[in-house]
Amino acid sequence: MSLQLYNTMSGKKEPFEPYEPGHVRMYTCGPTVYDYIHLGNARAFVVPDVIKRYLQWRGYKVTHVQNITDIEDKIIAKAAEEGVPFQVIVDRYTEAYLEDIERLGCQTPTVMPKASEHIPGIIDMIERLIERGHAYAVGANVYFAVESHSDYGALSGQSLDALVAGARVEVDEEKRHPADFALWKAAKPGEPAWDSPWGPGRPGWHIECSVMSTHYLGQPFDIHTGGADLVFPHHENEIAQSEAATGKKFVRYWVHNGYINVDGEKMAKSAGNFFTVRELFKKYSPQVVRLFLVSKHYRSPIEFNEEVMEATERGYNRLVDAAELLRELVPEEYVGELKEPVADEEASRLVQASQDAVDEFVRGMDDDINTAVALAAIYDLTRQVNAAAHRAQAGASQDMLRALGHALHTLEALTGVLGLELARHAPAAEQPAMELVRGLVQLAVDLRSEARRERRFDTADAIRDRLAELGIILEDTPQGTRWKLSAPDREARND
RNA sequence: GGCGGCAUAGCCAAGUGGUUAAGGCGGAGGUCUGCAAAACCUCUAUCCCCAGUUCGAAUCUGGGUGCCGCCUCCA
């Protein structure tokens, strides 16, 4: 069985085959840089990142383009509101966005083009559309004529008549058809503008994605992703423009992710019920946020609330704890793919468990990137690893250590495909401080161990309690006392 | 009005014709421990309602009920 992907265009899961064997080309609608990204935006970036990582893991080369919209009405509005130059807004939020997706564990896309860098290509495409009779200029505005494209409405499953009957399309005397949309907008005084055959202005929203995607990926390309709210009109319009301009199919698989809900309602800027990811990072580590996002199938809505976030954090800690235990236990040279089979019966059971986890993980991911199933496979293996590791703490055969090393490798590989990293790490800025913390904690732990040996349990417990208040958890094992930070990579801990 | 989605345990969430209905969080009991913590073990649902199809349905069909989304900027 191979990867099945749900295609919004057909409304069905379809077997995935790239246009060019072995090489997947995908495009993701990136942010408009006028504000910090919120959790809903984050999902639209994490979902394609998971798809990309899975494809890579399955051996495909992936070229991934994710644009940055740096020309847009909302940016102009924000600049006016703050009374600062347009570019200040663009730079500030571009930088913040790059930082946010990196912390979320997203690989840097192969190319991150900006609309402002593709004006000539945009003008070319508009000219071609006018030549082919798909667009018309009215003064310095240019519109796409939706009636000229027979397939208009195919992606959203709506006929042109039905779309107009919805009657929320803005009335505009200039347009030949109410659903016609702007390819080029005339600049008003003071607005950022680029020269064009129709006068100074800026591109409409949809045209940049058509131009940039096909510029880097050709036409057709394989996968186009975005939030479900982009199906109409954004993606519908992208298709119309691109196919009208070239006569070729635009995109082979349309992938749309579901929303994040708050109190049952879609999280959105306009609704005001959103959480920026940087706010969330103060309370939860970026890894926990990412785990939360992949805990449900990408097309379903996810309800956001504190209770679920906390449950997610506990689950994440369990995964990390298991990995850390293995790292303590297994000599480094045993971590990795198993080179020779193990003879020991218990060890071979664990090897089998690792294989089962991989099989189940693949089964889930192949079924339209079912990350919930994939995660269940990871948790299953974690449980078995813990059981074996705790027994191994009291002494283990070489075979067992090799099997544990293999299991650790497996856990890291599978969580890695989801973009998760099983490690507690303090933010880089805190690294020097961590050295000091390690020393001080060890000092306290040593003093407490001495107290325990002398059966002065009041003192021992007091030390443990005080450390707990500081966010340091002690665990006594037969081999001595281990310690860990309770919430290691939250942005700031003020508890 | 048009189009689409969802309803599974206290919470989150898989499962789309036949299995003991995955997994996580929480809860109860147990093992281990000076006590804890962690970990492991056991237990913790008959699938919104009704009517059909079928030898057999959470899974298919029809009808309800409830919730959500798109049709306007939106990830």
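Numbers restart at 1 for each chain; the letters A, B, ... are given by sequence-line order, proteins then strands.
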Is it true that A:R482 and A:E324 have a side-chain N and a carboxylate O under 4.0 angstrom from each other? no

Categorize A:G226 for me: base, sugar-phosphate, or nothing, with a 4.0 angstrom heavy-atom threshold over every strand shown. sugar-phosphate

Over how many whole Å does the gap from A:E313 atom CD to B:G26 atom P extend? 11 Å

Which one is paired to B:C32, where only Watson-Crick or G-U wobble pairs with both distances under 3.5 angstrom count? none

A:K296 bridged to A:E303 by N-O distance under 4.0 Å: no

Which is more 5' along RNA chain B, the nucleotide nearest A:Y6 or the one nearest A:A377? Just name the residue. A:Y6

Quick tally for nucleotides 12-17 of chain B: nucleotides whose base has a protein heavy atom under 4.0 Å get B, sugar-phosphate-only ones S, the rest -, giving SSSS--

Under 4.0 Å, counting only non-hydrogen atoms across every strand here, what does A:G11 touch: a base, just sugar-phosphate, or nothing? nothing

Measuring from the side chain of A:A162 (C-beta onward, heavy atoms only), which nucleotide among B:G34, B:G2, B:C25 has the closest atom? B:G2

Distance col, row A:L420:CG vs A:L411:CG, nearest 0.5 angstrom, shows 11.5 Å

Counting heavy atoms from C-beta on, name the nucleotide in B:A36, B:A75, B:C71 closest to the side chain of A:F232. B:C71

I'd like to know if A:R43 reaches the base of B:A75 with its side chain such that a donor and an acceptor end up less than 3.5 angstrom apart. no

A:P113 versus A:V65: any side-chain heavy-atom pair under 4.5 Å? yes

Measure from NZ or CZ of A:K269 to the centre of the six-membered ring of A:Y34, then state whether that distance is under 6.0 Å and the direction lies within 45° of the axis. yes

Answer yes or no: is there an ion pair linking A:R363 with A:D367, defined by an N-O contact shorter than 4.0 Å? no

Round to the nearest Å and state the distance from A:N273 atom CG to B:G69 atom C1'. 14 Å

Under 4.0 Å between any heavy atoms, over every strand shown, what does A:L325 touch: base, sugar-phosphate, or nothing? Just pick one. nothing

Should B:G69 form a Watson-Crick or G-U wobble pair with both distances under 3.5 Å, which nucleotide is its partner? B:C3

When rounded to whole Å, the CD to C1' distance for the pair A:Q393 and B:C40 reads 12 Å

Need one value for A:T32: base, sugar-phosphate or nothing, where a base atom within 4.0 Å counts as base even if backbone is also close, heavy atoms only. nothing

Which value, rounded to the nearest 0.5 Å, describes the distance between A:N41 atom CG and A:L104 atom CG? 10.5 Å

Taking a pair as Watson-Crick or G-U wobble with both distances under 3.5 Å, which nucleotide is matched to B:U59? none

Please determine whether any donor N or O and acceptor N or O are separated by less than 3.5 Å between the side chain of A:R314 and the base of B:G24. no

Does any nucleotide pair with B:C48 by Watson-Crick or G-U wobble geometry, both distances under 3.5 Å, and what is it? B:G64

Give one of base, sugar-phosphate or nothing for A:A376, where a contact means two heavy atoms less than 4.0 Å apart. base

Report which part of the nucleic acid A:D380 touches: base, sugar-phosphate, or nothing (heavy-atom distance under 4.0 Å, all strands). sugar-phosphate

Lys/Arg N to Asp/Glu carboxylate O, A:R103 vs A:E99, below 4.0 Å: no

Are any of the side-chain nitrogens in A:D321 or A:R318 under 4.0 Å away from the carboxylate oxygens of its partner? no

For a quick check of understanding: with a heavy-atom distance under 4.0 Å over all strands, which category does A:Y379 fall into, base, sugar-phosphate or nothing? sugar-phosphate

Pull out every protein N or O sitting under 3.5 Å from an N or O of nucleotides 37-39 of chain B, one pair per line with the distance.
unit_1: B:A37; atom_1: N1; unit_2: A:D476; atom_2: O; d: 3.4
unit_1: B:A39; atom_1: O4'; unit_2: A:H390; atom_2: NE2; d: 3.3
unit_1: B:A39; atom_1: O3'; unit_2: A:N386; atom_2: ND2; d: 3.3

Would you call A:K283 and A:E306 a salt bridge, taking side-chain N to carboxylate O under 4.0 Å as the test? yes

Heavy-atom neighbours of A:E102 CD exceed 12 at 6.0 Å: no

Answer with base, sugar-phosphate or nothing: what part of the nucleic acid does A:Q158 contact at a heavy-atom distance below 4.0 Å? base

NA contact type, A:Y259, heavy-atom cut-off 4.0 Å: base, sugar-phosphate, or nothing? base

Under-3.5 Å donor-acceptor pair between A:D461 side chain and B:G34 base: yes

Could you tell me the Watson-Crick or G-U partner of B:A21, where both distances fall under 3.5 Å? Say none if there is no partner. none

Check whether the side chain of A:R455 and the base of B:C35 form a donor-acceptor pair under 3.5 Å. no

